[in-house]
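First the structure, in the form of structure tokens, and then the observations on it.
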Protein chains: 2
Amino acid sequence: MNIGEVAERSGLPAKTIRYYEDIGLVKPLRSANGYRSFRDRDVHKLAFLGRARALGFSIEDCRNLLKLYEDDHRTSAEVKHIAEDHLDRIDRKIAELTHMRATLAHLVDACAGDHRPDCPILADLAPTQEEIALLNEAG
Amino acid sequence: MNIGEVAERSGLPAKTIRYYEDIGLVKPLRSANGYRSFRDRDVHKLAFLGRARALGFSIEDCRNLLKLYEDDHRTSAEVKHIAEDHLDRIDRKIAELTHMRATLAHLVDACAGDHRPDCPILADLAPTQEEIALLNEAG
DNA sequence: ATAGGGGTTCCACTTGGTGGAAGGTCAATG
DNA sequence: CATTGACCTTCCACCAAGTGGAACCCCTAT
């Protein structure tokens, strides 16, 4: 199967598939004309990768998940460990964004959004008078 | 003021400050020996940048916010617009992560995490039998 | 003079691809 | 047989937002 068809079937752009070969995630064969020749299992791996990436797993996680996927002697504990770590990372990211969101929403709410220059958003970003003193004088 | 002191006062690493000069966010003077020489306003701008970045604004947003900050003829509407766009982006990102989190938490929950190879996480990532048929046969 | 703790530049690397140029292949058409 | 168009190939550059390191300069103190 050529890359175009694989792209269509797996839902991944051809460029991405080439990139995945480049970093060793898939190893398609080559036809006599130099074209990549994908077997069914390559296509399955790519579909797997597409889903794992959609869940936000890093490429390195994907590499490890794929290895476990193909290893009959894996333990589900190994897989779960990767997933739990990723879940933690997601939770931390959500917490960070939620915190940003709260601050920002508060500021946006306080801003008139009119023709005047006065703006609580800029006021919050700008150093306060006390802070200016701290920044300017030896600290 | 030399870069080391500015780094300490603004809370930004010296490397980051040099980078910000590189991309034109600050324009410190130069001393006779070639060292960067920061004025108070440079330090204020860097403190501003640090806070804006902490709120997740992109460098381009920061550039625009800084321009408005220094423009007496700005309108708060312009500032608010940037902030609202950013808020939208944050909301979309949170939604995306929350969706990932839900799926992943469900899978982690279903995984025994023991010595056996059977794993609902991998099962979810792997193509189903029907999908294998779709992937393999002309589709 | 030499050690240290500043500072400088430049280049490479990170993540996960994406865009584009230059060119080879193949099937179908004129 | 030549050419067109849709494929495919490689390679190089670029994105965000820095970070790490090497090689080298400057200044002060001993």
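Letters go in sequence order (proteins before strands), and every chain restarts at 1. Because the structure is a prediction, the values reported are computed rather than measured.
- Put simply, the side chain of B:His86 never gets that close to the backbone of A:Leu104: no donor and acceptor are under 3.5 Å apart.
- Salt bridge annotation for B:Arg63-B:Glu60: present, with a cationic side-chain nitrogen under 4.0 angstrom from a carboxylate oxygen.
- Counted within 6.0 Å of CZ on A:Arg116, heavy atoms from surrounding residues, nucleotides or ligands total 12 or fewer; the atom is thus considered open.
- Scanning both residues, A:Ile3 and A:Ala14, for their nearest heavy atoms gives CD1-O, 3.6 Å.
- Distance alone, capped at 3.5 Å, places no donor-acceptor pair between the A:Ser10 side chain and the A:Ala47 backbone.
- Between chain B and DNA chain D, the heavy-atom contact criterion of under 4.0 Å yields a 5' to 3' nucleotide range of D:dA17 to D:dC27.
- Using a 4.0 Å cut-off between charged nitrogen and carboxylate oxygen, B:Asp42 and B:Lys45 do not count as a salt-bridge pair.
- B:Asn2 places no side-chain N or O within 3.5 Å of a backbone atom of B:Gly4 that could act as its donor or acceptor partner.
- When the nearest nucleotides of DNA chain C are assigned to B:Gly34 and A:Tyr35 by heavy-atom distance, the more 5′-ward of the two goes with B:Gly34.
- Residues of residues 17-33 of chain B that place a heavy atom closer than 4.0 Å to DNA chain D, in numerical order, are B:Tyr19, B:Tyr20, B:Asn33.
- DNA chain D lies under 4.0 Å from no heavy atom of any residue of residues 48-66 of chain A.
- Distance OG1/B:Thr75 to NE2/B:His73: 12.5 Å, rounded to 0.5 Å.
- Side chain of B:Arg74 to main chain of B:Tyr69: a donor-acceptor pair is present (N/O by atom type, distance under 3.5 Å, no hydrogens or angles).
- The pair B:Glu96-B:Lys93 meets the salt-bridge criterion, with a side-chain N (NZ, NE, NH1 or NH2) lying under 4.0 Å from an Asp/Glu carboxylate O.
- Judged by distance alone, with hydrogens and angles left aside, A:Lys15 brings a side-chain donor or acceptor within reach of the base of C:dG20, the pair sitting under 3.5 Å.
- One can place NZ of A:Lys93 at 15 Å from P of C:dT15, the figure rounded to the nearest angstrom.
- Residue whose closest nucleotide on DNA chain D sits further toward the 5' end, between A:Asn2 and B:Thr16: A:Asn2.
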